[in-house]
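A quick note: this is a predicted structure, and the numbers were derived from the prediction, not measured. Side chains included, hydrogens not; waters and symmetry mates left out as well; all remaining heavy atoms used.
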Amino acid sequence: MLIFLNEKYRIFYIIIFSMVFKKETGVSFSNYLLNVRLEKSKELLRKGNIRIYEIAYSVGFNNDQYFNRVFKDKYGITPLMYRKQKSKL
């Protein structure tokens with residue numbers, strides 16, 4: 001019973017946090033976190049010496065294929081293409 005109540009409170013606080021975060025920032029916490037992860041991945045991709053799947057996992061993606069898809073959706077190019085473009089500069 002005590003564990004069940006704690007779980008209910010945990011979910012309640014997560015919901016409240018999410019609502020306040022969105023109200024204050026204008027973006028949902030999950031979208032904010034996704035953007036932070038993608039920006040960090042761009043930084044690591046520019047370094048050029050870390051494998052893409054390692055970058056994906058190090059910034060918090062559990063699936064490198066999902067990382068590739070999300071990265072391409074956001075920036076219009078794959079992480080590999082991004083790395084190649086930045087290495088030419």
Please tell me whether Met19 and Phe29 are part of a single hydrophobic cluster in this structure, the criterion being side-chain heavy atoms less than 4.5 Å apart.
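Per the 4.5 Å side-chain linkage, Met19 and Phe29 are not co-clustered.
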Indicate if Phe21 and Ile16 have the same hydrophobic cluster label, given that clusters are the connected sets of ILVMFWY residues with side-chain heavy-atom separations under 4.5 angstrom.
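Different hydrophobic clusters.
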Considering residues, nucleotides and ligands other than Glu43, do more than 12 of their heavy atoms fall under 6.0 Å from its CD?
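Count over threshold, so yes.
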Exceeds 12 heavy-atom contacts within 6.0 angstrom, atom CZ of Phe17
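Counting other residues, nucleotides and ligands, CZ of Phe17 exceeds 12 neighbours.
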Nearest-0.5 Å distance that lies between atom [atom1] in [X] and atom [atom2] in [Y]:
X: Glu39; Y: Lys42; atom1: CD; atom2: NZ; result: 4.0 Å
X: Arg83; Y: Arg51; atom1: CZ; atom2: CZ; result: 10.5 Å
X: Lys23; Y: Ser18; atom1: NZ; atom2: OG; result: 14.5 Å

Does the Asn68 side chain pair with the main chain of Asp64, one donor and one acceptor, at a distance under 3.5 Å?
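Here the side-chain-to-backbone pair exists.
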Report the hydrophobic cluster partners of Ile52, with the cluster defined as I, L, V, M, F, W, Y residues connected by side-chain heavy atoms closer than 4.5 angstrom, directly or transitively.
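Ile52 clusters with Leu34, Leu38, Leu44, Leu45, Ile50, Ile55, Val59, Phe61, Tyr66, Phe67, Val70, Phe71, Tyr75, Ile77, Leu80, Met81, Tyr82.
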By side chain to side chain donor-acceptor pair (under 3.5 Å), which residues pair with Asn63, not counting sequence neighbours?
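Once residues adjacent in sequence are excluded, Asn63 has no partner under the side chain to side chain donor-acceptor pair (under 3.5 Å) criterion.
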Over 60° means perpendicular and under 30° means parallel, so tell me whether Tyr57 and Tyr53 are parallel, tilted or perpendicular.
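Geometry flag for Tyr53 against Tyr57: perpendicular rings.
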